[in-house]
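These notes are about the structure you will find just below.
The basis for the numbers below is simple: all heavy atoms, side chains too, and nothing from hydrogens, waters or symmetry mates.
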Amino acid sequence: MTTDPTRLAERMGKPAAPRRTSLDDTRGYRVFRRVNAVVLSIVVVVTLYPFVNIVAQSFSDERHILAGQVNFWPRGFNLDTYEVVMGDPAFWNSYLNTVVYTVVATAISLVLTTTYAYVLSKHHLKGRSLLIGIAVFTMFFNGGLIPNYVLINELGLKNTLWAIVLPNAISVFNLLVMKAFFESLPRELEEAAAIDGLNTYGILLKIVLPLSKAVIATMVLFYAVANWNSWFTAFLYFDRADLFPVTVYLRNMISGASTATSVSGGLGADMTQINSNIKAVTMVLTVLPIVTVYPFIQKYFVSGVMLGAVKQ
C-alpha cells in the first residue's frame, strides 16, 4: 500500500499539494554555488600567486629573475643565496632571538589580555566604562615615537628583552574580541561554580579558560604573528647586533645588498646572484615558521574569531 501523499491525493480526486523543494534543489542556488566557486578560486589564485612567485624567485638564477622570466616555477635552479644566509652564524643567533622574543612576548600578552578582558566582561564592575574608555583611547592616541624612546631609555629597558615585550603587550583589538567572547559565555556556569565554593581566580582557571580554547588559540596566533614580524621596535631600541631578531638581520642584508648593487658595478657572479634574489630568500625564511604552524591552529582561528566577534 502506497503512502505517497501525492498519489493518495490523485486517487481521491483531490489536487495534490505542491512538493516542497529544499534550498539546495533550486536552480538559483545551484548557479550561486558555481559562481561562488569560480570567484573564490580566482581570489585564491590572485592571493597565492605573489607568494608562489617569491618562492620561485628564491630558487632561481639571477639572469632569469632580472629578465622577468620567473612566474610559478624556478628557472635556473640556484641555492647560492640560501647557502650564504644560512651559513652565517649571526643568522641563526638572530633566529634564536626571534623565537625567544616571540614566545615571551606572546605569553605575557596573552596573560594580560585574558585577565583584562575577563574583568571588562563583568557588567557589575565599578569603573568598567572608565577602564574600557582608557583601553579604546590608546587605539587612537599615543605618546609618539620620541617620547616612547625617551621613556624606554630612562627606564633602563634599552637593549633588553623588555623593550620589545612591554610597550605593545596588549592589543586593544584583541582585548575587545576576548571581552565579547567572555560576555557570550552563560553566566549560570560561573554562578554554579561560585555556589560550589570557587573564587574568582578558580572560576577563571577551571571554568572560563577551558571553554575558551578557540579564542585563546586565535589570540596566540595574532600575537605570535605580530611579534614574529616585528622589526622596527628592535631596530629602534637595540644597538647590539647580537640582540637583533631575524627580521632586523634580514632587513640589514637587503639594505646591504641594495647598496652594494647601486655603488659597485663590478660585482662577482656570486654576489650578483645574491643581490638578485636576496629579497625573495629573506621573505621565505621569515614567513616559513608561521606558515608551518598556522595549519595546526587554523580550525581554532576560524571559530575563535566568529565567537569573539559576534555578541550572542
What do the steps show when you test Tyr223 against Thr113 for side-chain hydrogen bond (donor to acceptor under 3.5 Å, both in side chains), and what is the final call?
CA-CA 11 Å; Tyr223 280 122; Thr113 303; 2.6 Å; yes
Counting N and O atoms only, with roles assigned by atom type, does the side chain of [X] sit under 3.5 Å from a partner on the main chain of [Y], one being a donor and the other an acceptor?
X	Y	value
Asn53	Phe72	no
Thr102	Ala224	no
Asn159	Asp239	yes
Thr106	Val103	no

Output the distance between atom [atom1] ([X]) and atom [atom2] ([Y]), rounded to the nearest 0.5 Å.
X	Y	atom1	atom2	answer
Phe238	Arg240	CZ	CZ	9.0 Å
Leu221	Asn174	CG	CG	10.0 Å
Asn168	Ser109	CG	OG	8.0 Å
Ile132	Leu176	CD1	CG	8.0 Å
Ser129	His123	OG	NE2	10.0 Å
Asn229	Thr286	CG	OG1	7.5 Å

Going by heavy atoms in the side chains, are [X] and [Y] under 4.5 Å from each other?
X	Y	result
Val177	Met219	yes
Thr218	Phe222	yes
Trp162	Ile152	no
Asp88	Val84	no
Leu131	Leu125	yes
Val208	Glu190	yes

Nearest non-hydrogen partners of [X] and [Y], listed with the distance:
X	Y	result
Ala280	Ile54	CB-O, 3.4 Å
Gly144	Asn148	O-ND2, 2.9 Å
Leu243	Tyr101	O-OH, 2.7 Å
Arg251	Phe235	NH1-CE1, 3.5 Å
Leu211	Ile207	CG-O, 3.3 Å
Ser212	Leu185	OG-CD1, 4.2 Å

**Message:** Would you say the ring centers of Trp228 and Tyr95 fall short of 6.0 Å from each other?
**Reply:** yes
Exercise. So, Phe244 versus Tyr249, ring centres under 6.0 angstrom or not?
Worked result: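 No, too far apart.
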Residues at least two apart in sequence or cross-chain that pass side chain to side chain contact (heavy atoms under 4.5 Å, CB included) with Asn93, listed by chain then number, are Asn97, Asp242
Review point. Would you call the rings of Phe182 and Tyr118 parallel, tilted or perpendicular, where under 30° means parallel and over 60° means perpendicular?
Key: perpendicular
Shared ILVMFWY cluster between [X] and [Y], side chains joined below 4.5 angstrom?
X	Y	value
Ile164	Val150	no
Leu175	Phe140	yes
Val104	Leu112	yes
Leu161	Ile108	yes
Phe51	Tyr49	no

Practice problem: In sequence, state the C-alpha distance, the side-chain angles, and the governing distance for Ser58 and Tyr82, and then conclude on side-chain hydrogen bond (donor to acceptor under 3.5 Å, both in side chains). | Solution: CA-CA 8 Å; Ser58 69; Tyr82 278 102; 2.9 Å; yes
Within 6.0 angstrom of [X] [atom1], more than 12 heavy atoms from elsewhere:
X	atom1	value
Ile146	CD1	no
Phe32	CZ	no
Phe173	CZ	no

| query | How far apart are the C-alpha atoms of Lys158 and Tyr149, what are their side-chain angles, what is the distance that settles it, and do they pass the side-chain hydrogen bond (donor to acceptor under 3.5 Å, both in side chains) test? | reply | CA-CA 9 Å; Lys158 191 176 179 182; Tyr149 180 85; 2.5 Å; yes
Test side-chain contact (heavy atoms from CB on, under 4.5 Å) on Met178 and Thr114 and set out the steps.
-> CA-CA 7 Å; Met178 289 202 76; Thr114 301; 3.6 Å; yes
- Task: Under the side-chain contact (heavy atoms from CB on, under 4.5 Å) rule, what do Leu204 and Thr200 come out as? Steps first, then yes or no, please.
- Result: CA-CA 6 Å; Leu204 175 62; Thr200 302; 5.7 Å; no
With side-chain contact (heavy atoms from CB on, under 4.5 Å) as the criterion, how do Ile170 and Tyr116 come out once you've worked through the C-alpha distance, each side chain's angles and the decisive distance to 0.1 Å? CA-CA 9 Å; Ile170 297 180; Tyr116 196 1; 4.0 Å; yes
**Request:** Evaluate the criterion side-chain contact (heavy atoms from CB on, under 4.5 Å) for residue pair Ser60 and Phe77; output intermediate values, then yes/no.
**Result:** CA-CA 5 Å; Ser60 298; Phe77 191 80; over 6 Å; no
Query - Pair Glu183 + Arg128, salt bridge at N-O below 4.0 Å - result: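 Looking at Glu183 and Arg128, the cut-off is met.
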